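Read the structure below first, then the notes.
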Amino acid sequence: MHEEEKKTSNFLEQIIDEDLAQGFPKDKLRFRFPPEPNGFLHIGHTKAIWINFGLAQKYQAPVNLRLDDTNPEKEEQKYVDAIKKDIEWLGYRWDQECYASDYFQQLYDWAEQLVKEGKAYVDSQTSEEIAEQKKSPYEEGVESPYRNRSVEENLDLLRRMKAGEFEEGAHLLRAKIDMKSPNMNLRDPAMYRIIKKSHHRTGDQWCIYPLYDWTHGESDYIEQISHSLCSLEFENHRPLYEWFINQVYQEGTVKSKQREFARMSLAYTLTSKRKLLRLVEGNYVSGWDDPRMPTISGMRRRGYTPEAILDFLERVGVAKRENLIDLSLLEFSVRNHLNKIAPRVMAVKNPVKIIITNYPEGEIEYVRVENNPENPESGEREVPFSREIYIEREDFMEEAPKKFFRLTLGGEVRLKGTYILKAERVDKDETGEIQTIYCTYDKDSKSGSGTEASLRKVKGTLHWVSATQALPIEIRMYDRLFKVESPDSMEGDFLDYLNPDSLQVVQGYAEPSLLNATIGSKYQFQRLGYFVVDEDSTKEKLIFNQTVGLKDTWSKIANQK
């Protein structure tokens, strides 16, 4: 079914196919991805990246990366660098690296042209007065008292705005379209505002900056973008997009076409850069790349793979209506890919010690275990086994219910790749917590030895780590960043719905084969889930981030509520 879905054209492909069928030259196809460098890219952006770069691949057409850098108050070079890194990590390459700031002079020249043609004017009202005059979609707007200034006065004021004569907020350049239009975007939209702040690329060359609607369509036209694909929130902006392009269009050039697709919203996350910035600046997370963040850099640090994210996007597909996607679907794609590529290792996150009383003291033997049964070519490795080992504390109960198939007093389990073990007694501290479990082992029951005892069936198999060779590790366990499915739609401040248990740090042990694990290396900790070596790791201390569990336990919990 999934393969069939891949072969089916989505509505955007159908639009392009119709244009080609009606004579649009295939060699004139060009797409773009136009992020604003005021934050890191998030999971919502991956859909726009996948759509634009995916169409470029399908039609063998170029795609531009254009940084929409028109607001020096919020934009920084570090965001530009992060955006480029994220797109490349996803496996995409752009044709031209463009910036809206490349076009500042052309945009200004066109703005003067509109003023000269009587299609734009300088408004000297406050933003509050202008908003009041725009009214609502259900009533006609009121024209500005400055709407009919002469061309000469408008031109003079615009040039003085550009020269830096006026303070911020003193004047605004607006397009003269239709204050009675039912489409609010056509009610004399702003084109330029005064911002006396240094730009990360143009420095102090400009003190007036173009607004999004004026910049975006004209930038598409300058770059000769054939299909400008954006999210559904810009559908009502399309008539304005077309109006602006029509003012500068020249016969024989490509007139950019805007079409919209549904944004992707993911449950238990936010995709507002403004709110994500609040999380960062308020130290609710460790940064834009915190593994709990829905940013691409956060997902990368969490251990997600580009292949998994692209598979997830393929499964979600291209829609015309917005919907809330279950986070479990993304985790399914991540789990599915890591299952194929991640080596299996043994680690214990909540250790309790076992002493095997009838095992020779001081002896160490090495057992061979496979690295990944999904990939036979990954081979085997040797793991040390000794008299003292660690197992998970929750894998032992003194008295257990019938369906508890792990270790219990008087009961037997098999240790992964080694022997059958029987629990005999325990030592506890003064609080009653178990400190040590004393066991005996069946020395003839070693896995793979072919003996009768080795073929004996016991219901439980546990992972373990030899205590004498154990590698101390820090394990960071992650849960949803928010307690509610849609924090954006809740009453009050979204910060009120943060999950206080979204990060738990525990100290555990791993088998010594991980001693030389490198940052970014991914593993399956057997019976625990998938983990990645975090960038905070040092030679003295390995730190692992939990990427995703072995099974989707969250949906079961959610369904019980």
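Predicted, not measured: the structure shown is a model, and the values here were computed from it. Sequential numbering from 1 along the given sequence is applied to the chain's residues.
Taking the six-membered ring wherever Trp is involved, the centroid distance between the rings of F482 and Y268 does not fall below 6.0 Å. Taking the centre of each ring, Y92 and F53 come in below the 6.0 Å mark. Note: F312 and F332 fail the aromatic proximity criterion, with ring centroids not under 6.0 Å apart. Ring-centre distance between H237 and Y241: not below the 6.0 Å cut-off. Ring-centre distance between H463 and F525: not below the 6.0 Å cut-off. Between F385 and W464, the ring center distance clears the sub-6.0 Å criterion.
Between E370 and R344, none of the side-chain N atoms (NZ, or NE/NH1/NH2) sits under 4.0 Å from a carboxylate O, so this pair counts as no salt bridge. Of the charged side-chain nitrogens involved, at least one lies within less than 4.0 Å of a carboxylate oxygen, so that K541 and E474 count as a salt-bridged pair. Between R263 and E233, at least one side-chain N (NZ, or NE/NH1/NH2) sits under 4.0 Å from a carboxylate O, which counts as a salt bridge. Taking a cutoff of 4.0 Å between a charged side-chain nitrogen and a carboxylate oxygen, R302 and D534 do not qualify as a salt bridge. A salt bridge is defined here as a Lys NZ or Arg NE, NH1 or NH2 lying under 4.0 Å from an Asp or Glu carboxylate O, and R315 with D311 meets this definition. Salt-bridge annotation for E394 and K349: present, with a side-chain N of the basic residue lying under 4.0 Å from a carboxylate O of the acidic one. Salt bridge absent: D479 and R292 never bring a charged side-chain N and a carboxylate O closer than 4.0 Å. Ionic pairing of K416 and E511 is not present here: no N-O contact between side-chain nitrogen and carboxylate oxygen is shorter than 4.0 angstrom. Salt-bridge formation is not detected for the pair E392/R406: no Lys NZ or Arg NE/NH1/NH2 atom is positioned less than 4.0 Å from an Asp or Glu carboxylate oxygen.
When all heavy atoms are compared, the tightest approach of D69 to S101 is OD2-OG, 2.6 Å. Considering every non-hydrogen atom in both M397 and T408, the closest pair reads O-OG1, 2.7 Å. Across all non-hydrogen atoms, the minimal contact from A347 to L528 is O-CD1, 3.4 Å. Here the closest non-hydrogen pair linking L327 and A267 is CB-O, 3.9 Å. Between L90 and L310, the shortest heavy-atom distance links the atoms O-CD1, 3.7 Å. Here the shortest heavy-atom pairing between R238 and Q258 reads NE-O, 3.3 Å.
Contact of the L407 side chain with the I391 side chain is registered, since non-hydrogen atoms from C-beta on lie closer than 4.5 Å. The shortest distance between side-chain heavy atoms of Q524 and L338 does not fall below 4.5 Å.
By the 30° and 60° cut-offs, the orientation of the rings of Y59 relative to F31 is tilted. Under the 30°/60° scheme for interplanar angles, the aromatic rings of H45 and F33 are found to stand perpendicular.
A cation-pi arrangement is found for R201 relative to Y99, the charged atom lying closer than 6.0 Å to the ring centre and inside a 45° cone about the ring normal. Figure legend: K273 and F40 shown without cation-pi pairing, the cationic atom not lying both under 6.0 angstrom from the six-membered ring centre and within 45 degrees of its axis.
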- Residue pair R30, N64: steps toward the side chain to side chain donor-acceptor pair (under 3.5 Å) verdict: CA-CA 8 Å; R30 182 177 284 271; N64 289 358; 2.6 Å; yes

- Task: Let me see the working for K353 and D427 under salt bridge (charged side-chain N to carboxylate O under 4.0 Å, His left out), right down to the final yes or no.
- Result: CA-CA 10 Å; K353 182 178 279 190; D427 271 350; over 6 Å; no

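No side-chain donor-acceptor contact under 3.5 Å links Y212 and N71.
Within the 3.5 Å criterion, the main-chain N or O of A517 finds no donor-acceptor partner in the side chain of S521.
We find the CG-CD1 distance between D86 and I296 to be 4.5 Å, quoted to the nearest 0.5 Å. A distance of 8.0 Å separates CG in N323 from OG in S265, rounded to the nearest 0.5 Å. One finds the CD1 atom of I354 at 12.0 Å from the OG atom of S466 (value rounded to the nearest 0.5 Å). Between the OG1 atom in T461 and the CG atom in L415 there is a gap of 9.0 Å [rounded to 0.5 Å].
Evaluated for a side chain to side chain contact (heavy atoms under 4.5 Å, CB included) with R414, the options L421, I420, L462 yield exactly one hit, I420. A side chain to side chain contact (heavy atoms under 4.5 Å, CB included) with F261 is found for one member of L232, N10, I51 and no other, namely I51. Among D290, N283, D289, the one residue that satisfies the side-chain hydrogen bond (donor to acceptor under 3.5 Å, both in side chains) test with S286 is D290.
Evaluation of the salt bridge (charged side-chain N to carboxylate O under 4.0 Å, His left out) test over residues 34-62, restricted to residues two or more places apart or in two chains, returns E13-K58.
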